[in-house]
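Note sheet for the following structure.
Naming: A, B, ... by sequence-line order, numbering from 1 per chain.
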Amino acid sequence: MMNEKKPTSLLYLDGVSVSFDGFKALNSLSFVIEPGELRAIIGPNGAGKTTMMDIITGKTRPDSGEVFFKGDIDLTRRDEAEIAQLGIGRKFQKPTVFESHTVWDNLELALNRKRGVFATLFYRMTLEDNARIEEILSTVRLSNRRNDFAASLSHGQKQWLEIGMLLAQEPELLLVDEPVAGMTDAETAETAILLKEIAKTRSVVVVEHDMGFIRDLGVKVTCLAEGSVLAEGSIDFVSADQKVIENYLGR
Amino acid sequence: MLTRLAYRSLQSLLVTFCLLITVFATDLRAEDDLRAMINALGEGNFSQTAKQVEALAKTGDPKIVPALEALAAGDLYQRKSDKQVFLTKSSGGTLILIDPLSGEEAGTEASGALAKIKVNNSLRRVVRSALGGLTLMSPDAGTRLQAAQTLLRTPSADALEPVETALAAETDARVKLVLERARAAALLVLDRPDDEKKAAIEIIGNAGGQDSLSLLSAALASADDTLKPDIEAAISDIQDRQALWAAGQNVWYGLSLGSVLLLAAIGLAITFGVMGIINMAHGEMVMLGAYTTFVVQEIIRNSYPWLFDWSLAIALPLAFLVTGAVGLAIERGVIRFLYGRPLETLLATWGISLILQQAVRTIFGPTNREVGNPSWMSGAFELGGLTITWNRLWIIVFSLAVFAALLFLLKKTPMGLQMRAVTQNRRMASSMGIRTPWVDALTFALGSGIAGIAGVALSQIDNVSPNLGQGYIIDSFMVVVFGGVGNLWGTLVGAFTLGILNKFLEPYAGAVLGKILVLVLIILFIQKRPRGLFALKGRAVEA
Amino acid sequence: MITSFLLKSFDRTIVIAVAIILGLALIVPALNLLTAPDHPLHVPTYLVSLFGKYLTYALLALALDLVWGFCGILSLGHAAFFALGGYAMGMYLMRQIGARGSYGNPLLPDFMVFLNWKELPWFWYGFDMFWFAALMVVLVPGLLAFVFGWFAFRSRVNGVYLSIITQAMTFALLLAFFRNDMGFGGNNGLTDFKDILGFNIQAQGTRAALFAASAVALALSLILTSGMVRSKYGKILVGVRDAESRTRFLGYRVEHFKLFAFTVSAMMAGVAGALYVPQVGIINPGEFEPGNSIEVVIWTAVGGRGTLIGPIIGAILVNGGKSIFTAAFPEFWLFALGGLFVLVTLFLPKGIVGTVQAWRAKRKEYRKAAEDEAARGQAVAEPVAAE
C-alpha cells in the first residue's frame, strides 16, 4: 500500500528505524505527506517526533528505512544544507533566529537566493528582494520592528520571525516543531490562522502538544508513540482511539 | 623492595666472608711455594713459562689470579737485581711495584731496573684457560658464574677441558647452565663430529641473546655445508626472539609513557571531561605538585635525612592539598564567572598559568631543581629480555591506582554521585538540594589535586622547572579528546594507546617525527570521530 | 560587482581608521628620514622598526578577529600561519645573501653548508625570486588552512575541539621546524639577512619603507575584511557564529563559509609574518610556540573581538605595554600579561572598542527615547496650546 503512494507523495517515509546506544528512537516509522497537505503530529515525550524531523532534514542518518522527497529524491543521502535547498524548511522547538542581526537582515539571509560563498560576497539587494521582504514582514506582523535586533524581540515575536524566515526560504514542505509553546492564547490563535494561510501554498507538518491548537487547525492527525505510528485520522478519531488514550492522552 | 635490598647486602657480606676464609686457610708454607712458582715465570722461553703457568693452575689457588691476569696484560715484571716478580703500575718515569700475592705496594723502581715478562698469543691462551679453570673452581658461586660467562663470550679450544671438569663438579643450577653453554661454545670452535656440533648449536641457539648471536655468526663463517643450515636456523631463531623481546620492550616503554600521559591527563579528565572547563593551567598544577615534592625533600634533606625514603609518601597528600587549594581558589575567583563560555575560560586559565609559572620562577628560580629518587625507586631489573626500571614500574602502578581511586570516588561515593548529578543536570540537582556551586568548586579542586599528585610522580622522571607543566598540557588535552570527553575509561585507553603508538613509531620515525605523526594521527582521528573514542551518542549531544 | 563590494566596506569608522593608518605610513618615515636626529619630532630608526612590528601584529590580530570575532572559530593556529609566511619571506632573504655568507657558498645558505648538504632542497627552489616568495607567503599558509579547515569543518569539529586541534597542529609544526633535516635552519632558524629587493635591510630608508609597507598592508586588509563582514557573506558568518544550525537549515553550506574565512585569515596572517621577519631580522621555530597563538587572542580580546578596529588597537596597546613593561620591570611582565588575560575575560568581555560601542549605542537609544518622550509631550501639549 505504501509503495503505491511513493511517486505521487511529497514526503514518503517507509520503515525508518534509528537507535542511539541501544535506545530505539524510531522503530520502523512509516507515513506519507501529500502535496499541499497540513498535518499535525502528536505523541508523548520520547515518541520520536524530533528525531523524525532530524531524519527528514538530514541531521541524523537512519539505521534503516527509506525517506523520499517528491517521489524520487533520496533524503538519507543528503546533508542539511542540500535538503534545505531542495525546499524543506524547519522551525525549531526553541525559536532560533540570528539574535545579533536585525529583523530585516534575518529575512534577507533567509531569502531563497544563491547560497554560495562568492554569490553572497557580491550580493546586492534588488527591488524584487526588497519587496519580498516587505511582504513577509507584514505577513508575520513585524514591519514596525524591521530595524530592531532580533535579540530584542519577545518570545512570540521570535517564533513569528522564524516562521517568516521559513516563508522567505520558499519551501515546499515546512516542518514546524511546537510553534505555540510559550505563546499567549491570542498569539496561539493567530499562529493557527497563519499556518493555515501558509498551508494553502505548501505542505506543512506541525508537531504540537497543544490539543486546542490542533483542534483549531482541524487537520489530519498522526499520533506517534515509541518511535512508530500509533493512529492516524481526524482529531476526533485519533483522540477516541483506545491505544492513544492509554499511551498519551490518558497520562 | 626491601627483601631485594636485604638479599643484595647479604650477598656481598657472604662474598667478603668467603674471601676472608680463603685468605686465612692458606698457610704460609704454601704461600712461599706459590711465590717461588710465580718468580719462576720470569725464567726461560715462552714454552717454559707456559709450563710454569700450567703448574700454577694445578694448585687451584685463587690467589694467583692477579698475577696471571697481569701476565696476560703485560703488566708483570721481573726485578733484575733479585729476580723477584711483581705486578706494576706505572707512575711517571717509575713503576710502582705490587706484591703478586698480597696485592700490597712494595716500593718503586726505575723502569730500567725491571724486565717485562714477555707474552705471545699462545701463552696468552694458556693463561686464559688457566684463569678460566681457576675461577671455575672458586668456592664462590658468583665468581664461578662470572668465569663461566667469560668463557662463553670468548670461547677457545683450551677451555673445553676445564669447563668439563668444572661441569662435573658443579652443583649450582645457574652456573651449570652457563657452563653447559660455555662447553657448547668451545665445542663449536673445536674439530668435532657433526652431531656433537649440532647439539652444541642447539644449546647456544636456545640460550639466545647478543652473545650467542655473535658466537653463531663466527661459527657460520667457518662452518661447512652440513652445519650451515642448522646455524642459520639457530641464528634466525634468536633474531626472531630478539625482535619479539624488542617489541615487548617497546610495549613496556609505551606503557610507561602511557602511564605518564594518564597521570597528566586524569585530572584534566575531571575538569575538562566532566565539567567542560578548558583548564590551560592544568599543567601548572602538575608543576606545583612537583615543586611540593622538591620542598618536602629539601626539608627532609636538611633536617630529617633518615626520612628520605618516605619523602614521596609525605609529599603526596601535601601536593594534593596545595594544588587542590590553588584549584579551589581559581574556581571561586575566576572560573565560576565564566561557566558556559568555554573559550573565555581557556583564555583566563592561560593567564593564570602564566602567573603561576612566573610566581614559581620568582620563588624557586628559573633553573631545574633537584628532586631525588628514593632508594626503592632507583635501579632496574631484568625480566627475560626486558630491562625494567623501578621508577617507571612504580609510576605505572601509581597511575593505575590513582585511576582506580578516582573511579571509585566518582561511582561509589555520595560526593561522586553529587558531582555526576550536577554535571548531568545542574538545575535538577540544584532543586534537589545539592549546593551546586560547592560541588563545582570541589570537583575542580579534585581535578587540580589529582594533577598535583601526578606532579609528585612526574618529579621522579622529569626535570622540575617552572616550564614542567607546559610540556604536558597539549598531550593531556590530546589524551582526553582522543579518549572521548566525559569518559574516564576513554582517558585510560586513550593514554595507553597514544603511549604505545608513540613508542612503536619512534624506531621508524625517530622521537620527534614520531610525536609529530601521533599529533597528525590524532588530528585526523578527530575528523573521523569528533567526539573521541568513547563518545556519547544521541539526540542529547547537540553540536 | 567589485566596486559595490568596496563601497560597502567604507563606513565612517573604517574611513577614519584607514586614513590614520595611511597617514602614519607617510608621517613616521618622513619624521625618520627628513628630520635631524636632534630634532624634537625625530623618530629614531629602531622605533620605526618597533612600530612596524606592532603593525604586523595588528594585521595578525585582525586576521584572527575575522575568524574568531565574526565566525566564532577560536583558532590557536594563527601563530603557525604567521610563522609560515615569515619563513617564506625568510627563505627569500636567505637566498639574497648569496655568496656573502660565512662559508661563501653562492647557492646554499650557511646552515646547509654547516650540515654538509651538497645541494639545495627542492622546496628552496624559486625563493631567489621575490614574486615567487611573495606568492608563497600567501599560498603556503592559505593552503595549510584550506586543507586543515576542509577536514575539520566538514567533520564539524567545533568550539574548543577546534581550538585544541589547531593548537596541536601548531605544536606539530613547532616540533617539525626544530628538526635540522627539515631544511629550515632548525633551532636557529633563518637570520643574518642582508638585502631585500636589492636594498640593504639595515638601512634607514629600507626600514622606513618596510614600515610604510606594513601600514599599507594593514589598511588594505582592513578594507578587505570590512567589505567581507559587511556583505551578505559576512552576515551569514555572524549567523554561523550565533546559530550555526539555523544557518545550515536555511540551506547554507556552513563548512564553505568557515573555510573561506579561515583561508583568507590565514593568508592575512602569512602576509603579517612576511612583513614581520625583515623588520626583526630573524625567524625561528619559537614563533610557532602555542603561547604565541594564545597571545594573539588576548590582543584581539583586549581591543574588542567582532569589531574591526578593536584588534588593531588591542595589538598595539598590549605590545606597546609589553615593550615598556619588559624594559622597566622584566620580572613582572608575565604577571601583567597573565592578569590581563584574567581581567579582560572577567570584566571587559567585549574589549575596549566593543564596550565603547555598546556604551554609545545605549546613549543613542536613551537620547532617542528622550526625544520620543519630548515629541509625545509636545503632541500632548500642542492641542492645549491650540485651545
Query - side-chain hydrogen bond (donor to acceptor under 3.5 Å, both in side chains) partners for B:T436, two or more places apart - result: none

Query raised in the report: Pick from B:L513, B:T349, B:L346: which one has the most heavy-atom pairs with chain C under 4.5 Å?
Result: B:L513

Query raised in the report: Which one of B:G276, B:G333, B:A359 has the most heavy-atom pairs closer than 4.5 Å to chain C?
Result: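 Among the listed options, the one with the most contacts to chain C is B:A359.
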
Query raised in the report: Who pairs with B:E331 by salt bridge (charged side-chain N to carboxylate O under 4.0 Å, His left out), at least two apart in sequence or on another chain?
Result: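 For B:E331 there are no salt bridge (charged side-chain N to carboxylate O under 4.0 Å, His left out) partners, ignoring immediate neighbours.
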
Using the ring of each side chain (for Trp, its six-membered ring), is [X] parallel, tilted or perpendicular to [Y], with breaks at 30° and 60°?
X	Y	answer
B:F364	B:F294	perpendicular
C:F148	C:F262	tilted
C:F257	C:Y252	perpendicular

Report summary line: Comparing C:V157, C:L174, C:L343, C:L340 against chain B, the one with the most heavy-atom pairs below 4.5 Å turns out to be C:V157

**Report entry** Interface residue of largest heavy-atom contact number with chain B, from C:G72, C:G159, C:G291, C:S163, under 4.5 Å
**Finding:**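 Looking at each of C:G72, C:G159, C:G291, C:S163 in turn, C:G291 comes out on top.
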
Would you mind checking which part of [X] comes under 4.5 Å of any heavy atom in chain C, side chain (CB onward), backbone (N, CA, C, O), both or neither?
X	value
B:L347	both
B:V481	side chain
B:I278	side chain

Query raised in the report: Would you call B:E344 and C:K350 a salt bridge, using N to O less than 4.0 angstrom?
Result: no

Query raised in the report: At what distance, to the nearest 0.5 angstrom, does CG of C:L76 lie from CE of C:M169?
Result: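 So the CG of C:L76 and the CE of C:M169 are separated by 9.5 Å.
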
Heavy-atom check, side chain of [X] versus side chain of [Y], under 4.5 Å:
X	Y	result
B:S476	B:L261	no
B:Y339	B:D440	yes
C:E255	C:R248	yes

Requested in this report: Would you please indicate if the ring centroids of C:F288 and C:F171 are separated by under 6.0 Å?
Outcome: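 Between C:F171 and C:F288, which both carry aromatic rings, the centre distance is not below 6.0 Å.
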
Query raised in the report: Given a strict heavy-atom distance threshold of 4.5 Å, which part of C:F335 is in contact with chain B: side chain, backbone, both, or neither?
Result: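 Answer is both: backbone and side chain atoms of C:F335 are under 4.5 Å from chain B.
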
Query raised in the report: Which region of C:W68, side chain (C-beta onward) or backbone (N, CA, C, O), has a non-hydrogen atom less than 4.5 Å from a non-hydrogen atom of chain B, or is it both or neither?
Result: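 Just its side chain gets close to chain B.
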
Query raised in the report: For chain C, which residues from residues 351-358 of chain B have at least one heavy atom closer than 4.5 Å to it?
Result: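 B:G351, B:I352, B:L354, B:I355, B:Q358 fall under the 4.5 Å cut-off.
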
Query raised in the report: Residue by residue, which of residues 282-291 of chain B have a heavy atom closer than 4.5 Å to a heavy atom belonging to chain C?
Result: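 Residues of residues 282-291 of chain B touching chain C at under 4.5 Å: none.
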
Query raised in the report: Do B:R361 and B:N467 have a side chain donor and acceptor closer than 3.5 Å?
Result: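 Present: a donor and an acceptor within the cut-off.
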
Query - Any donor-acceptor N or O pair under 3.5 Å, side chains B:Y253, B:N502 - result: no

Report task. Provide the closest heavy-atom pair for C:Q167 versus C:P290 in the form atom of the first, atom of the second, distance. Result -> NE2-CB, 3.6 Å

